[in-house]
K.L.:
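Below you'll find the structure I mean.
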There are 2 protein chains.
Amino acid sequence: MDEVFKALADASRRSLLDRLHAENGQTLNELCDGLAMTRQAVTKHLGILEAANLVSTVKRGREKLHYLNPVPIHQIGERWIRKFERGKLAALSDLKRRLESSDE
Amino acid sequence: MDEVFKALADASRRSLLDRLHAENGQTLNELCDGLAMTRQAVTKHLGILEAANLVSTVKRGREKLHYLNPVPIHQIGERWIRKFERGKLAALSDLKRRLESSDE
DNA sequence: ACAATAGGCAACCATACGGTTGCATGTCAA
DNA sequence: TTGACATGCAACCGTATGGTTGCCTATTGT
């Protein structure tokens, strides 16, 4: 879980996920297109995404295809974000009440 | 958005959010209890959470009360995670198909 | 009034991180 | 077969990050 959060912390990596979401199964070079960084930098990012299980790869000849794995993202939604949604209204009214009472 | 992701990337900070979720409106010292780090370290973490708008604070006398703001968490769920859930099944079957075809 | 309590500020430190360059390896196509 | 293409590996670099220590300020209870 920690690895997933850390992987998602970087905007370049989130954008890579976006691109895979738009078109799945891209090669390294395809994913490099238009990005203002070296291929090696992208390789590292993809490595981190793969280590976090957010991306799976398949080698096809001399190419490496990258596939998005949305499961960890989904799990964060289910196991982490949902927890905070339950208490949301209560927390907000708490906060509001507290902020208002500070004017007294 | 980026600030929120970055703030959530650290396990200590997520645990602070958890503690505020369990009991809202705690002081700095209360939040320090049982944590294996200095008060100053916790202060920094809370500062990052506050900068990301995940925590709001109210000063009451010499104490500072910390309140969870679940809105950014909710937004990540809505604006970011949901996007990937839509294509989830398609992506998974894509991946499955690709993995299987690599055995051919 | 004043000691204790709650917190703030700033400098410092080690390490992690994002990125680069340079070179090596493996695969395809003519 | 050999050159071009796709990727891998490793060393290196500057900066961000998480954490510490030391000291200062403000509030409070007695």
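Chain identifiers are assigned alphabetically (A, B, ...) following the order of the sequence lines, protein sequences preceding nucleic acid strands; residue numbering begins at 1 within each chain.
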K.L.:
Once you round it to whole Å, what is the distance between C1' of D:dT17 and CE of B:Met37?
P.N.:
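Distance check: B:Met37 CE to D:dT17 C1' gives 13 Å.
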K.L.:
Rounded to whole angstrom units, what separation is found between the CG atom of B:Asp2 and the P atom of D:dT17?
P.N.:
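Distance, rounded to whole Å: 10 Å.
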K.L.:
Is the closest basic N to carboxylate O distance between A:Asp10 and B:Lys6 below 4.0 Å?
P.N.:
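Answer for the salt bridge query: no.
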K.L.:
In this structure, how many angstroms lie between the P atom of C:dG7 and the CD atom of B:Glu50, rounded?
P.N.:
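Computing the B:Glu50:CD to C:dG7:P distance gives 13 Å.
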K.L.:
In this structure, how many angstroms lie between the P atom of D:dT17 and the CZ atom of A:Phe5, rounded?
P.N.:
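These atoms are roughly 18 Å apart.
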K.L.:
Under 4.0 Å from OP1 or OP2 of D:dG19: is there any side-chain N or O of B:His45 that close?
P.N.:
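Result: yes.
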K.L.:
Could you state the atom-to-atom distance from NZ of A:Lys6 to C1' of C:dA16 in whole Å?
P.N.:
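The answer, rounded to whole Å, is 10 Å.
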K.L.:
Between A:Ser56 and A:Glu50, is there a side-chain donor-acceptor contact under 3.5 Å, judged purely by atom types and distance?
P.N.:
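No, no side-chain donor-acceptor pair sits under 3.5 Å.
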K.L.:
Base, sugar-phosphate, or nothing for A:Leu46, non-hydrogen atoms under 4.0 angstrom?
P.N.:
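Contact class for A:Leu46: none.
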K.L.:
How about B:Phe84 and A:His74: are their ring centres within less than 6.0 Å of each other?
P.N.:
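Not close enough - the centres of the two rings lie 6.0 Å or further apart.
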K.L.:
Can you check the B:Gln26 CD to C:dA6 P distance for me, whole Å?
P.N.:
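The answer, rounded to whole Å, is 14 Å.
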K.L.:
Between C:dA16 atom P and A:Asp10 atom CG, what is the distance in whole Å?
P.N.:
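Atom-to-atom, A:Asp10 to C:dA16, this comes out as 17 Å.
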K.L.:
Calculate the interatomic distance between B:Leu31 atom CG and C:dA6 atom C1'; express it in whole Å.
P.N.:
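Computing the B:Leu31:CG to C:dA6:C1' distance gives 13 Å.
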K.L.:
Each nucleotide in nucleotides 5-10 of chain D should get exactly one letter: B, S or -. Can you fill that in based on protein heavy atoms under 4.0 Å?
P.N.:
BSBBB-
